[in-house]
Novice: 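Got a structure here, written out as structure tokens. Questions coming.
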Amino acid sequence: QVQLVESGGGLVQPGGSLRLSCTASGFTLDSYGIGWFRQAPGKEREGVSCISTSDERTYYKEYVKGRFTMSRDNAKNTVYLQMNDLKVEDTAVYYCAADAHYYGFALEYDYWGQGTQVTVSS
């Protein structure tokens, strides 16, 4: 059974940090493009970061660049999103997604996780 499971969300104060994990089962992530997305209440799902299918290059949307870092641990079949200097506007449900042939910020991925809530509040 193909599955992506996110974890690591929670409540954090502004300026704080969280690390999200996305673990795959039923397939290996190392040759897949991976994306992190988020969706705030009443808003559309938007891209946050992605990693390419081949050269491990990472890409970030401007609103998280310099604060978020995406990485892949192939041995653990897991992708991470380290989030630093969190802001109230980062509050959302965060999703990871995987696709064998695509990476980017469009919602083109074949596999999606169930999401993990991140709340940034004082």
Side-chain angles (χ1 to χ4, degrees):
Q1 181 182 2
V2 173
Q3 196 173 15
L4 289 171
V5 178
E6 302 97 336
S7 61
L11 173 64
V12 64
Q13 292 185 341
S17 298
L18 284 174
R19 188 178 78 158
L20 305 184
S21 300
C22 170
T23 300
S25 59
F27 69 104
T28 54
L29 285 176
D30 59 358
S31 60
Y32 278 66
I34 309 296
W36 281 101
F37 293 79
R38 67 187 185 186
Q39 188 166 18
K43 294 188 176 181
E44 293 187 350
R45 192 170 298 189
E46 63 181 10
V48 173
S49 67
C50 63
I51 191 166
S52 70
T53 52
S54 58
D55 62 5
E56 300 297 303
R57 191 171 297 183
T58 52
Y59 303 86
Y60 302 92
K61 295 293 275 187
E62 62 279 2
Y63 36 80
V64 303
K65 196 173 293 184
R67 300 186 297 122
F68 290 12
T69 303
M70 184 175 180
S71 61
R72 192 203 302 257
D73 185 336
N74 293 333
K76 295 183 178 179
N77 213 26
T78 297
V79 173
Y80 301 99
L81 183 68
Q82 177 67 42
M83 306 186 296
N84 298 329
D85 190 23
L86 282 160
K87 305 177 186 300
V88 171
E89 52 264 40
D90 294 319
T91 296
V93 178
Y94 282 71
Y95 300 88
C96 66
D99 195 284
H101 304 291
Y102 173 77
Y103 68 94
F105 296 114
L107 306 180
E108 301 285 337
Y109 294 80
D110 281 342
Y111 306 122
W112 290 82
Q114 84 290 346
T116 185
Q117 176 70 49
V118 171
T119 302
V120 185
S121 175
S122 56

Novice: Are the side chain of Asp30 and the backbone N or O of Ala75 linked by a donor-acceptor pair below 3.5 Å?
Specialist: no
Novice: Is there a side-chain contact between Met70 and Tyr59 in this structure, where contact means two heavy atoms from C-beta onward sitting under 4.5 Å apart?
Specialist: no
Novice: Count I, L, V, M, F, W, Y as connected when their side-chain heavy atoms are under 4.5 Å apart, and connections chain through other members. Are Val12 and Tyr94 then in the same cluster?
Specialist: yes
Novice: Between Tyr109 and Tyr102, what is the ring plane arrangement, given parallel below 30°, perpendicular above 60°, and tilted in between?
Specialist: perpendicular
Novice: Go through the side-chain N and O atoms of Thr119 and Thr91 and say whether any donor and acceptor fall under 3.5 Å apart.
Specialist: no
Novice: Starting at OH of Tyr80, measure out to CZ of Arg72 and round the result to the nearest 0.5 Å.
Specialist: 12.5 Å
Novice: Quick one: does any side-chain atom of Asp110 pair with a main-chain N or O of Asp99 as donor and acceptor, under 3.5 Å?
Specialist: no
Novice: Between Ser49 and Leu81, is any pair of side-chain heavy atoms under 4.5 Å apart?
Specialist: yes
Novice: Which atom pair, heavy atoms only, marks the closest approach of Ala24 to Leu29?
Specialist: CB-CG, 3.4 Å
Novice: Say you draw a straight line from CG of Asp73 to OG of Ser21; how long is it, rounded to the nearest 0.5 Å?
Specialist: 9.5 Å
Novice: So, do Leu20 and Arg38 sit near enough that their side-chain heavy atoms are less than 4.5 Å apart?
Specialist: no
Novice: In terms of hydrophobic clusters joined by side-chain contacts under 4.5 Å, are Val118 and Tyr60 together?
Specialist: yes
Novice: I need the minimum non-hydrogen distance between Ser121 and Leu11, along with the two atoms involved.
Specialist: CB-CD1, 4.2 Å
Novice: Give the ring-plane orientation class for Trp112 versus Phe37, where under 30° counts as parallel, over 60° as perpendicular and anything between as tilted.
Specialist: tilted
Novice: Kindly indicate whether the side chain of Arg67, heavy atoms from C-beta on, has any atom under 4.5 Å from the side chain of Met83.
Specialist: no
Novice: Within a strict 4.5 Å, meaning less than it, do heavy atoms of the Ser7 and Thr116 side chains meet?
Specialist: no
Novice: Can you tell me if CD on Glu89 sees more than 12 non-hydrogen neighbours from other groups inside 6.0 Å?
Specialist: yes
Novice: How far does OH of Tyr111 sit from CD of Gln3, to the nearest 0.5 angstrom?
Specialist: 12.5 Å
Novice: Main chain of Arg19, side chain of Gln82: is a donor-acceptor contact present, judged purely on distance under 3.5 Å?
Specialist: no
Novice: Which heavy-atom pair separates Ala40 from Ala92 by the least distance, and what is that distance?
Specialist: N-CB, 3.8 Å
Novice: Nearest heavy-atom pair of Cys22 and Leu4: which atoms, and what distance?
Specialist: SG-CD2, 3.8 Å
Novice: Please examine the side chains of Tyr95 and Val48, heavy atoms only from C-beta on, and report whether any two atoms are closer than 4.5 Å.
Specialist: no
Novice: Using the benzene-type ring in the case of Trp, are the ring centres of Phe68 and Trp36 under 6.0 Å apart?
Specialist: no
Novice: Write down the atom of Ser17, the atom of Asp85, and the distance for their closest heavy-atom approach.
Specialist: OG-N, 4.3 Å
Novice: Do Val2 and Leu107 belong to the same hydrophobic cluster, where Ile, Leu, Val, Met, Phe, Trp and Tyr are linked whenever their side-chain heavy atoms lie under 4.5 Å apart, directly or via other members?
Specialist: no
Novice: Mind listing the closest non-hydrogen atom pair of Ile51 and Glu56 along with its distance?
Specialist: CD1-OE1, 3.5 Å
